[in-house]
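Protein chains get the first letters and strands the later ones, always in sequence-line order, with residue 1 at the start of each. Bear in mind the structure is a predicted one, so any value in this text is a computation, not a measurement.
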Amino acid sequence: MVLVYIDQADQQIKKSSLEAMSYGAAIAKQLGCEAAALVLGTVNDNLANLGKQGATKVYQQKNESLHSFDAKVHSTVIAAAAKSLLATVVVFAHNINGKAIAPAVAVKLEAGIVTGASSLPDTQNGFVVTKTVFSGKAFASIQIETPLKVIAINQNSFGVVAYDNTAIVEEINMPVPAPSIKITKVEKVEGEIPLTEANLVVSGGRGLKGPENWGILLDLAKALGAATACSRPVSDSDWRPHHEHVGQTGIQIAPNLYIAIGISGAIQHLAGVNRSKTIVVINKDPEAPFFKAADYGIIGDAFEVVPALTAAVLKSKAAN
Amino acid sequence: MKILVCISKTPDTTAKIAFTEGNTKFDENGVQWIINPYDEWYSLVRAIELKEKDPNTLIHLITVGGADTEPIIRKALALGGDEAIRVDSSNNDSFFIAKQIAAVAKEGAYDLIFTGKETIDYNSSSIGSMLSAILDYSFVSLANHFDCVGNTATVKREIEGGEETCEVNLPLVISCQKGMAEQRIPNMRGIMAARTKPLKVVAPIDAIATTSIKKFDMPVAKSGVKLVAPDNMDELVRLLKEEAKVI
Ligand SMILES: Cc1cc2nc3c(=O)[nH]c(=O)nc-3n(C[C@H](O)[C@H](O)[C@H](O)COP(=O)(O)OP(=O)(O)OC[C@H]3O[C@@H](n4cnc5c(N)ncnc54)[C@H](O)[C@@H]3O)c2cc1C
Ligand SMILES: Nc1ncnc2c1ncn2[C@@H]1O[C@H](COP(=O)(O)O)[C@@H](O)[C@H]1O
């Protein structure tokens, strides 16, 4: 059986976990076995609906204490569940929590693990999983040598597949260790779309000259319903908050659309965004390296192009 | 307090990524090696700051690697830290590496283990989580702030769209990222002192590798940028809607 861990925030299933479920179901199909979901705590979503992502069963451990994330506790419960349910492959989303627990679960199951997987495993000869390496500049095909396997799938690399199923929900009851962590404060940027979960991202660099000029970028993001990001010098100069910094040393993202405004396209910046499906570059310098990585390019002054683009987006939305 | 800081060696961020031997090996030709930025800028510097506050703190550095990692570990010692341990193995399976670090950590009875968020070459982001499981320590990942009073640490970690503050008791594994500390540059005194700091080489313990790299591939190159005139943003919106189908 392929067991997929379903991660939640504020009792809502994360989109990256729905992708992971679809991915796990596709592996199960390949292996000729069932795909099941594992949910810790309670969520507001109807769990039977995970059938739509290919789950035939949903195992739920309801303890309230599992609502606050504790890597040690969560990995212990997930490993115990995987053992008792005789899972052969355990799948995680390679998101913030997935990164914290998938490797620990692999250790507890003595399973080989591939994190940052980018496609379905090749199960013809052995079990080979492709993953991104060198911050998206290359791929590596990794053979997992152990009988049990753990895979953490990159966000936005598999997509959500729709099935016509409803899953059977069953409660399980694994021993839950005492919490090792006490969460004392949660701060969320109100009203903004979390960068790592966003489908559309508008990003600005030093070409915007100063924080006072960010309005045109924010207007475009608002028109599109996009999250906002920036290059490293921009967050280092405190023009924008640190959590917006994307790149090799910042956050790595893979949205459907990345619009880069006044960013030169340094290799360390590209390392954080090169997995985006479509890249639009707005830069006044035709020689800017970013154009080589772009799908669409506009050579022009951001201060003219961006408001015009916002107007065009709004016009197109109004026409629909 | 005894801190173990994990140090890994990675190609410089601008290194040309190419492969040899039928795409099975990373081409090291002309590659400059650096301390993995997350290890150097964030975890090591934070450990040094903790020692500056409390001189009784002991900082040990560990790397699992061949003799070619010694210049990297010397550079790390020049930034700070009391001594270094190198486990002599070039195996790059995460599980194998974690077992080696855990063996040293057990023997040294460290209160705190710092790793980086991920290495910038293989991007596994696995070692910290694995160490916590092997040692049965608590684990806080992607931390951007760390403080400690007595046996209790206050740590901030990234969550989707924000951050979370938590309290957690030692012993503890932390994976560090931006925000944790500010990058430092080694000074002459540090470089001189590093020459005489102990660098112990130990043999690896028996552990199996659970994965092996079969081959590398380069991504398919973009077909080339399509230029849109700056005064024709309606056309860009049309392309994004109808051709790319992303809005
Ligand atoms: C180890 C290491 C790690 C790094 N990690 C990261 C990282 O994670 N993320 C990151 O972003 N960087 C990172 N960097 C820094 C990186 O090398 C670049 O310095 C940085 O990305 C440049 O930011 P920028 O493009 O905003 O600025 P610049 O390079 O200064 O580019 C500004 C661009 O704006 C254009 N421009 C100017 N005016 C206008 C206008 N009116 N309209 C349109 N365009 C205009 C210019 O033509 C230029 O191309 C790292 C560097 C190192 C050494
Ligand atoms: N060979 C190694 N020796 C020592 N520490 C390592 C090694 N590989 C990885 N690490 C540590 O683990 C962190 C995460 O690496 P990884 O899980 O490989 O992405 C790195 O930032 C280092 O702190």
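If you measure heavy-atom distances from A/Thr196 to chain B, the contacts under 4.5 Å come from the side chain alone. With a 4.5 Å cut-off on non-hydrogen atoms, B/Phe139 touches chain A through its backbone and its side chain both. For A/Ala100, the parts sitting under 4.5 Å from any heavy atom of chain B are the backbone and the side chain alike. Of the atoms belonging to A/Ile299, heavy atoms from both backbone and side chain fall under 4.5 Å from chain B. Heavy atoms closer than 4.5 Å to chain B are found nowhere in A/Thr310, neither backbone nor side chain. Interface remark: B/Pro219 contributes backbone and side-chain atoms alike to the contact with chain A (heavy atom separation under 4.5 Å). Neither the backbone nor the side chain of A/Ala311 comes within contact range of chain B; no heavy atom of the residue lies under 4.5 Å from a heavy atom of that chain. Interface remark: A/Ile183 contributes backbone and side-chain atoms alike to the contact with chain B (heavy atom separation under 4.5 Å).
For chain B, the option among A/Asn97, A/Val128, A/Asn199, A/Ile282 with the highest count of heavy-atom pairs below 4.5 Å is A/Asn97. Chosen from A/Val107, A/Val105, A/Leu257, the residue pairing most often with chain B at heavy-atom distances under 4.5 Å is A/Val107. Among the candidates A/Ala104, A/Ala271, A/Ala111, the residue making the largest number of heavy-atom pairs closer than 4.5 Å to chain B is A/Ala104. Per-residue heavy-atom pair counts under 4.5 Å with chain B were compared for A/Gln252, A/His94, A/Lys277, and the maximum is reached by A/Gln252.
Listed by first and then second residue, the salt bridge (charged side-chain N to carboxylate O under 4.0 Å, His left out) pairs that reach into residues 231-240 of chain B are A/Lys315-B/Asp234, B/Glu235-B/Arg238, B/Arg238-B/Glu242, sequence neighbours excluded.
Neither side chain, A/Gln143 nor B/Thr211, offers a donor N or O lying under 3.5 Å from an acceptor on the other. Judged by distance alone, the side chains of A/Ser235 and B/Lys178 do bring a donor and an acceptor atom under 3.5 Å apart. Judged by distance alone, the side chains of A/Gln268 and B/Thr13 do bring a donor and an acceptor atom under 3.5 Å apart.
Inter-residue side-chain proximity for B/Asp136 and A/Lys72 is flagged as met; some heavy-atom pair is nearer than 4.5 Å.
By the 4.0 Å N-to-carboxylate-O rule, A/Lys14 lies close enough to B/Glu160 to be salt-bridged with it. Using a cut-off of 4.0 Å between Lys/Arg side-chain N and Asp/Glu carboxylate O, A/Asp295 and B/Lys226 are scored as not salt-bridged.
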_Derivation of the side-chain contact (heavy atoms from CB on, under 4.5 Å) call for B/Cys166 and A/Thr184_ = CA-CA 5 Å; B/Cys166 65; A/Thr184 52; 5.5 Å; no
Distance-only criterion, 3.5 Å: show the donor-acceptor pairs between side-chain atoms of residues 21-29 of chain B and protein atoms not counting sequence neighbours.
from: B/Thr24; atom 1: OG1; to: B/Glu21; atom 2: O; distance (Å): 2.6
from: B/Asp27; atom 1: OD1; to: B/Asn29; atom 2: N; distance (Å): 3.0

